[in-house]
There are 2 protein chains.
Amino acid sequence: MALPFRPATGPATRKRRQFLSREEIVEAGAKVLARDGYDALNMRSVATELDVQAAALYRYVDSREELDDLLFDHLMADCVPGLDGADWRADLRAFAAAWRLRLITMRDATRIALGQVSIGPNIAPLMDVALSILRTSGLKDDELIEVYQACMLLVHSLASAEASYLELAAQKDAGGLRHAPPQPEWVASYPTLWALAERLAAPPDFDARFAFGLEALIAGVERRLAGETP
Amino acid sequence: MALPFRPATGPATRKRRQFLSREEIVEAGAKVLARDGYDALNMRSVATELDVQAAALYRYVDSREELDDLLFDHLMADCVPGLDGADWRADLRAFAAAWRLRLITMRDATRIALGQVSIGPNIAPLMDVALSILRTSGLKDDELIEVYQACMLLVHSLASAEASYLELAAQKDAGGLRHAPPQPEWVASYPTLWALAERLAAPPDFDARFAFGLEALIAGVERRLAGETP
DNA sequence: ACCTGAACACCGTTCAAGT
DNA sequence: ACCTGAACACCGTTCAAGT
């Protein structure tokens, strides 16, 4: 039987291309995550995306945990914005805003990496830039690291809160969840809570919250620089 | 056959007492969590703790998710310290320190409530006190809530980071995990990261980090009060 | 009314067997 | 060497059947 004209790399029905690879697996994971969300992400769904059995993945990936690590790193690729280096405050704001945007844009990214981020090849430049920015502020090395950690925590946990809020809101719109959690009786016995209940239930302004957190961080750094440490 | 002398409430072998209850289930959950950790907490282990089948729990609890909510609220009971009300800064520090301590003391508490804390009868007084403290600072109601949310986020996410670090360290001591994650080659190409690598790998000072975060928050509030909002 | 026993769907992971 | 097929352990949840 003669060989077909079209090369082996362009099959009509999907067929296994040569071998699997770590990169291919991670990209398939990203695809599943973007399309179906974190709850639908598992070894079997990623394998299906690649027309393969789940067990096959274990030749390239040690565990589900490692896949999550790789995936998170992958999602954060090329996330560093251009910075002019004139003012560390402006640079820090730009950096934090860019990273926050990425975390929120990539569906469920914050659910993959709950706090413990392991440094991969795409996270490293991110860290490097953040540290560089803070270094130009004039902080000493040990203070610098504390501030850096605080900044990462701020961005990550606030983005996480925002993402989970948005997901919940979307769910409520689509499916039909309970509209507002029915006010329990006993909240009336807490005066301040009661007085602010309405405001607390209102949709949060995450931009404002983010801005406040960042400005507070900057204020904290400036205090340190001025030597007003209590 | 004559009835035994000892009353029915004091059996030699453990026997089901009357009926189950929500409270009993939550306490059993707390027991499992304290003894075996979050990874060992599931419907079956809680049921076993009560000499009962897992399915029996569903008469009192809607889902695993609800159990987690109830459990977290239970763990945070009576966590509000005495406050003198003289200075809102001092009160805020005392409040935050007490809550942080509780979060860390209760094994895996932060893993139960990942960010989204639903207000239960034990969380409510906590919220009420925090809001009351901030109210005495002179902030307007809407600003107050932003600061409150920032404070909750700070305490919770920092405690979460600390707890997961401690757990990892304990694991490393006991079992024998990889000592230090072997420095990847490519970090050398990021100068600032490289320069600070040693410091970044050093055991973090969570007390200092917490203090910095809280002081920054206070600095942010004071700026707001002074009307220096950018 | 409350609990048991058994089952189902789902998921991470392992392993012998195929090619 | 790489993948399949089948299996195991584990977990949330449901439901008919017992008492």
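Hydrogens, waters and symmetry mates are skipped; everything else that's a heavy atom, side chains included, is used.
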Value in whole Å for how far the C1' atom of C:dC11 lies from CD of A:Gln53: 14 Å

Heavy-atom pair with the smallest gap, counting every atom of B:Ala30 and B:Leu71: N-CD1, 3.4 Å

Among C:dG12, D:dT13, D:dC2, the nucleotide that comes nearest once only the side chain of B:Tyr58 is considered: D:dT13

Length of the line joining B:Asp36:CG and D:dC11:P, which is rounded to integer Å: 12 Å

Heavy-atom pair of closest approach, residues A:Arg102 and A:Met76: NH1-C, 3.4 Å

Short N-O contact, A:Glu146 and B:Arg199, less than 4.0 angstrom: no

Whole-Å gap separating P (D:dC3) and CZ (A:Phe19): 7 Å

Closest to side chain of A:Val52, choosing from D:dT4, D:dG12, C:dC3: D:dT4

Distance-minimising heavy-atom pair for B:Ala94 and B:Pro81: O-CG, 3.8 Å

Which nucleotide in D:dC3, C:dC2, C:dG12 has an atom nearest any side-chain atom of B:Tyr60: C:dC2

Dot-bracket pairing map - DNA chain D, Watson-Crick plus G-U, both contacts under 3.5 Å, | cross-strand: ||.|||||...|||||.||

Trace of the salt bridge (Lys or Arg N to Asp or Glu O under 4.0 Å) decision for A:Arg100 with A:Glu162: CA-CA 10 Å; A:Arg100 176 195 177 211; A:Glu162 180 167 1; 2.9 Å; yes

Considering all heavy atoms, the nearest A:Leu217-A:Cys151 contact: CD2-CB, 3.8 Å

Position toward the 5' end of DNA chain C (nearest nucleotide), A:Ala40 or A:Ala55: A:Ala40

d(CE, A:Met43; P, D:dT4) in whole Å: 15 Å

Contacting residues from residues 62-69 of chain A, given that a heavy atom lies under 4.0 angstrom of DNA chain D: none

Parallel, tilted or perpendicular: ring planes of B:Tyr190 versus B:Trp186, cut at 30 and 60 degrees: perpendicular

Value in whole Å for how far the P atom of D:dG5 lies from CG of A:Asp51: 12 Å

Rounded distance (Å) that lies between atom C1' of C:dC2 and atom CG of B:Leu50: 14 Å

Nearest-angstrom distance from the residue atom CZ of A:Arg44 to C1' of D:dA7: 11 Å

Residue A:Arg59, side-chain heavy atoms: nucleotide from C:dG12, D:dC3, C:dC3 that is nearest: D:dC3

Rounded interatomic separation in angstrom, taking CG from A:Leu57 and P from D:dG5: 15 Å

B:Leu103 to B:His156 - nearest heavy-atom pair and separation: CD1-CA, 4.1 Å

Shortest non-hydrogen contact from B:Ala34 toward B:Arg107: O-NE, 3.7 Å

